[in-house]
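All of these numbers come straight from a predicted model, not from anything done at the bench.
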Amino acid sequence: MKTTPFFQQWLIDEVNSIEGFVCQASFSESALAIHDIPQLNPDLVLVDLGLGDSNLGGVRCMLHIKLLLPEMKFMVITSHSDDELVFEALKSGANAYMLKSDVPFRLPDALAEIMEGGAPMSPEIALKVIRSFHQPPESSGTPTIDTREAQILGLIAKGFLNKENQGTIRYQ
């Protein structure tokens, strides 16, 4: 879903009403943003993942700008909460991820937080990030040990100390 002109104008007005913030420009296509943002060199870029012709338009836009301005801060403001898009955006340089439904309630605090070095996220997105760390790592199979390692583990399990094992266990 692309940003509607109504939401885009509302967001510009909101940003401009927050002390210390001014919207320098607004873009509805990623190609224009990629061209103009490096010249403007703002402190922060608000990005909709639906920018451009595909859902990854905003992600590609961030990647292009990040190559030119590695320290640029990006706040994703979007309706997309699909796991793949969320993590693709975060991997591509997003410092914050806000769902449009949360923006009216959190925008001033979120903008202040990101400028102070924080990473504001909508609660739903923060939960996705936390859950991603709770996933067991993918394994390539059960680890195996050789016969000698099994023998050594067996002796250790029986309570043998290293000194007592010197005659029993020979290191090669």
Nearest heavy-atom pair of Pro38 and Ala33: which atoms, and what distance? CD-O, 3.9 Å
So do the side chains of His80 and Tyr97 get within less than 4.5 Å of each other, counting heavy atoms only? yes
Rounded to the nearest 0.5 Å, how far does CG of Leu107 lie from CD of Glu14? 6.5 Å
Distance in Å, Leu111 CG paired with Lys73 NZ, rounded so as to fall on 0.5 Å steps: 11.0 Å
Are Met62 and Met72 linked, directly or through intermediate hydrophobic residues, by side-chain heavy-atom contacts shorter than 4.5 Å (ILVMFWY only)? yes
Can you confirm whether the side chains of Gln8 and Ser28 place a donor and an acceptor under 3.5 Å from each other? no
Would you name the heavy atoms of Pro120 and Met75 that are closest together and state the gap between them? CG-CE, 4.0 Å
Walk me through it: do Leu90 and Val86 pass the test side chain to side chain contact (heavy atoms under 4.5 Å, CB included)? CA-CA 6 Å; Leu90 293 172; Val86 169; 4.0 Å; yes
Is it true that a side-chain atom of Lys100 and a backbone atom of Ile77 form a donor plus acceptor pair closer than 3.5 Å? no
Measuring from Leu11:CG to Ser26:OG, what's the distance to the nearest 0.5 Å? 8.0 Å
Do Ser30 and Arg60 touch side chain to side chain, with heavy atoms closer than 4.5 Å? no
Grouping I, L, V, M, F, W and Y whenever their side-chain heavy atoms are under 4.5 Å apart, do Val45 and Leu40 come out in a common cluster? yes
Any side-chain heavy-atom pair from Val129 and Phe87 closer than 4.5 angstrom? yes
Quick check: do Val15 and Leu46 have side-chain heavy atoms less than 4.5 Å from each other? yes
Nearest-0.5 Å distance that lies between atom CD in Glu88 and atom CG in Leu49: 10.0 Å
Looking at CD1 of Ile65 and CG of Asp36, how far apart are the two atoms once the value is rounded to the nearest 0.5 Å? 9.5 Å
Report yes or no: does Asn95 contribute a side-chain atom to a donor-acceptor pair with the main-chain N or O of Phe74 at less than 3.5 Å? yes
Just verifying a value: how many Å separate Phe27 CZ and Ile34 CD1, rounded to the nearest 0.5 Å? 10.5 Å
Is the shortest heavy-atom distance from the side chain of Leu127 to the side chain of Arg131 under 4.5 Å? yes
Is the shortest distance from a Lys or Arg side-chain nitrogen in Lys128 or Asp83 to a carboxylate oxygen in the other one below 4.0 Å? yes
Ser122 side-chain N/O to Leu99 backbone N/O, donor-acceptor pair under 3.5 Å: yes
Is it the case that the side chain of Asn16 and the backbone of Ile12 share a donor-acceptor pair, with hydrogens and angles ignored and the cut-off at 3.5 Å? yes
Taking Arg106 for its side chain and Met121 for its backbone only, find out whether a donor-acceptor pair lies under 3.5 Å. yes
